[in-house]
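Here is the naming used below: chain letters follow the sequence lines, and residue numbers restart at 1 for every chain. Just so you know, these numbers use all the heavy atoms, side chains as well, and skip hydrogens, waters and symmetry mates.
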Amino acid sequence: MATPDAGGACVFEAIGLTKEYDYGTVQALRGVDIRIAPGEFVAIVGQSGSGKSTLLQMLGALDHPTAGELRYRGAPLSAHGDLASYRAHEIGFIFQAFHLLPTFTAIENVQIPMFETHRSTSERKQRAMELLKLVGLEDRLHHFPSKLSGGERQRVAIARSLANGASVLLADEPTGNLDSENATLVLDLIVRLRREQQFTLILVTHDMGIARQAGRVIEMKDGRVVADTLNSTSH
Amino acid sequence: MTFFTVITRGLTRRPVRTGLTIVGIAIGIAAVVALVGISRGFETSWATGMKTRGTDLVVSNMGSALTPKPYPATVVDRITPLPHVAETCALLADLMSVETTDMMIVSGRQWGGFTWKNLHIIAGRMPHDAAERAVVLGQTAAEVLKKKVGDTLQLETEELPVVGIVDGGAIVENGSVILSLPLLQELTGNEGKINVIDLRVTPGTTKEELRQLCDQISALVPEARAVIAGEHVRDSQAYKIIRAMSWGTSLLAVLVGVLGVMNTMLMTVFERTQEICVLLAIGWKRSRIVRMILLESAMLGLIGGIGGVLIGIVGVKILVQTPAIRGLLEPDLNPQLLLSAVGIAVVVGVFSGLYPAWRSSRLTPSHALHG
């Protein structure tokens, strides 16, 4: 198994990470051990039910592990006093179904996470404009999600995930709801932004074509890591 | 975009439902304004009436009826010698159905008593003496009864000529049929009986002396009770019942509003479960979610409250023009009542949002990845 940066500081270190549902009748994660270094682009692959999305939830502190330990930058995440603050400032999420708020325009959706910062109203607006320009949507600022194409919606979601300057981007099947043209566009955008901004990218996918673009591929099956390989042909 | 924008967007996403909820609260608050305003108006109208008549103390027996119970007119003789008593005027007042009206104040007054002196003739004249079988009408009573000087008025079994129309300076006075005490005693079969003594005290009498005089009179006259003018209505059993019923009915209406807001906010939380989970996933604190839900429901209350106050004011204005109560009272829609009504609406809003807010705070952000 690949263990990059084994001796140095990790962004994430999972030790025997276990997640059970329904009083132990469903075991989504069965003692996962992984280390992820800063700036890595990791693809987590596996069939449906393999535990890849559950692992992403644990990394994003959306749920608590049943057993084992998850460390973020050396410190146990369970000891983190304010997980909302962790999600707001350290992590950016991109969802398969975009999950934009339908009653807010593109620029407003990007501002939503910034309520948990000390930015003023005008600073939030300015930052959202910059981010939407970065994803090529400067002409769609005041469009509601219903007036945007799938690819545009996902680009708004990408801008939103970067709103608070996250150092880790967690993407759950970010191209799953897109046609091939938009999927390529969105993936290229994420890859380009990672290269420019040097954030750690952890992407869940079942598409091996997408996974091949990552620097490292973790394959999961039945809640366990069954392969962890470095990809020399990645971006 | 401010947090206030987030609140308003939450409310405008389902405009019809939000509108109906606001109407629900508004009706409840309108009921508070109307019923409490009217019951308070009943009290203040009588107090103003007393003030314009120059009455300091009222000796009456306000039992559970809307009008005081009659007692012997000889009581006046026991009160007159007491210290600080300057002047008395015996009355027999009743709420009666007069011709087309369901309820009107009919006031028989001791001839020559001070309560005649605040009446200013607008048309016609006063009765010549206590023996003249005639009435004068307050100007509102004349309007309601559609009478002018020279017409006759059917009072109990007798047709009495209207000899004058007067301005009494207060709604209670202007809404009254006024005649001499012996005539009303005869017409109602209450010979030798009165039910109110209006009393003036000597100038310079202190509030404390006034209270002492009340106690003295109450001890001396077991048939009745002396109360400072204006307070006699507030202390009456009937008024207390009216007030309790007003608040009771109002609170029931408000309760309906509470259930409406709670239902709306619960629906909102259920509908927006995914959104709330996304907000948690992108870093919103649970306290911010709770604040969002509570502010949305408080906003519903505030808008409903303001709407309810406006509906209440208009409703009361229309209500007091109805023949049944026209001229009987002036609603007391003071700013304190109106602000309290809006305050109640906001509290109702916040209270109704507590459970939905609690529900929303228990959602887990991992649901954001589903669906």
Side-chain angles (χ1 to χ4, degrees), chain A residues 19 21 28 52-58 60-64 82-105 107-117 120-122 124-125 128 142 144 157 160-164 166 170-173 204, chain B residues 1-19 21 264-265 267-297 299-300 356-358 360-371:
Chain A
K19 180 65 184 179
Y21 294 107
K52 53 189 191 301
S53 289
T54 306
L55 179 59
L56 204 70
Q57 283 181 26
M58 300 299 137
L62 300 187
D63 210 342
H64 302 284
D82 186 358
L83 290 177
S85 174
Y86 164 77
R87 289 192 291 266
H89 299 104
E90 305 294 336
I91 304 294
F93 261 107
I94 304 171
F95 306 97
Q96 179 177 356
F98 324 130
H99 288 332
L100 298 179
L101 305 187
T103 51
F104 295 88
T105 61
I107 192 167
E108 288 168 342
N109 262 289
V110 178
Q111 290 176 70
I112 294 277
M114 290 188 252
F115 279 106
E116 293 298 342
T117 66
S120 67
T121 307
S122 58
R124 287 199 295 261
K125 190 176 175 186
H142 303 292
F144 284 93
R160 180 179 67 181
S161 71
L162 299 173
N164 293 342
L170 303 177
D172 186 32
E173 304 270 14
V204 164
Chain B
M1 183 179 69
T2 63
F3 194 54
F4 183 72
T5 317
V6 178
I7 307 302
T8 52
R9 292 290 165 81
L11 293 175
T12 52
R13 63 184 289 148
R14 297 267 185 196
V16 174
R17 189 174 65 196
T18 300
T21 308
T264 295
M265 294 315 295
M267 292 285 285
T268 294
V269 170
F270 290 147
E271 272 179 10
R272 286 154 66 186
T273 296
Q274 181 89 51
E275 275 182 44
I276 292 169
C277 292
V278 169
L279 290 171
L280 289 168
I282 63 176
W284 272 29
K285 289 186 168 65
R286 288 182 193 281
S287 59
R288 187 176 291 278
I289 302 282
V290 167
R291 225 179 325 149
M292 179 180 76
I293 300 294
L294 288 180
L295 282 172
E296 278 183 28
S297 53
M299 185 72 79
L300 281 177
W358 177 77
S360 69
S361 74
R362 288 172 60 85
L363 294 170
T364 52
S366 59
H367 284 108
L369 285 182
H370 307 148

Query raised in the report: Is the CZ atom of B:R14 crowded by more than 12 outside heavy atoms at less than 6.0 Å?
Result: no
Query - Closest-packed option against chain B by number of heavy-atom pairs under 4.5 Å, given A:E116, A:R87, A:Q96, A:M114 - result: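 Looking at each of A:E116, A:R87, A:Q96, A:M114 in turn, A:E116 comes out on top.
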Requested in this report: Just give me the residue among A:G60, A:S85, A:A88 that pairs up with chain B most often, heavy atom to heavy atom, under 4.5 Å.
Outcome: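 Among A:G60, A:S85, A:A88, the one with the most close pairs to chain B is A:A88.
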Interatomic spacing from [atom1] in [X] to [atom2] in [Y] - rounded to 0.5 Å:
X: A:K19; Y: B:S366; atom1: NZ; atom2: OG; result: 7.5 Å
X: A:L101; Y: A:E108; atom1: CG; atom2: CD; result: 10.0 Å
X: B:R9; Y: B:M1; atom1: CZ; atom2: CE; result: 7.5 Å

Query raised in the report: In terms of heavy-atom pairs under 4.5 Å, which option from B:T5, B:I282, B:L279 contacts chain A the most?
Result: B:I282
Query raised in the report: Side chain, backbone, both or neither: which part of A:Y86 has an atom under 4.5 Å from a heavy atom of chain B?
Result: neither
